[in-house]
Structure formats: C-alpha cells, structure tokens
Amino acid sequence: KPGKGKQGKSRGKSGGKKQKKPEVDILSPAAMLNLYYIAHNVADCLHLRGFRWPGAPKSKKGKNKT
C-alpha cells in the first residue's frame with residue numbers, strides 16, 4: 001500500500017549481550033546526600049536501598065498520589 005511506510009518489527013541493537021550494571025557504593029557521600037533528601041527514617045532508607053523485610057508488600061511503580 002503506497003504512503004504507509006514500513007510496518008515491520010524494528011530492532012535496535014542486536015547482539016543479545018546484556019550490559020553489566022556497574023557496582024555502586026551505596027555509602028558514598030553522593031548516595032548519602034541523595035538518601036538524606038528522599039528517606040524519612042531508617043526503615044525507609046533500608047527499603048529504598050533494596051533491603052526489604054520478609055512479607056513486605058511489593059511497591060507499585062508509578063503509583064498515583066491522590
């Protein structure tokens with residue numbers, strides 16, 4: 001059909017290699033300053049850094065605050 005353009009599946013970089021995430025120091029001064037502004041208490045701090053307690057409800061990303 002003329003004027004429609006390509007409608008196939010487009011692929012970005014193909015290679016199948018996953019890029020390894022760099023190891024991040026969560027106790028660095030920059031990380032601590034960031035944590036100071038986003039965490040409200042110690043439990044919140046640990047939760048944000050990935051140390052969740054057993055049975056904790058999973059957080060929903062993009063949750064609307066109303």
Of the non-hydrogen atoms in Asp44 and Ile38, which two are nearest, and what is the gap between them?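 Taking Asp44 first and Ile38 second, the nearest heavy atoms are OD2-O, 3.9 Å.
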
Can you name the closest pair of heavy atoms from Asp25 and Ala31 and give their distance?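 The answer is O-CB, 3.9 Å.
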
Has Asn34 got a side-chain atom pairing as donor or acceptor with Ala30's backbone, closer than 3.5 angstrom? no

Using 0.5 Å steps for rounding, measure from the CZ atom of Arg49 to the CZ atom of Arg52. 11.0 Å

Please round to the nearest 0.5 Å and tell me the distance separating atom CG of Leu27 and atom CG of Leu35.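 Rounded to the nearest 0.5 Å, the CG-CG separation comes out at 9.5 Å.
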
Give me the other members of the hydrophobic cluster that Val24 sits in, counting Ile, Leu, Val, Met, Phe, Trp and Tyr linked by side-chain heavy atoms under 4.5 Å, directly or via other members.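 When side chains under 4.5 Å apart are linked, Val24 ends up in no cluster with other residues.
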
Same apolar cluster: Val42 and Trp53, side chain cutoff 4.5 Å: no

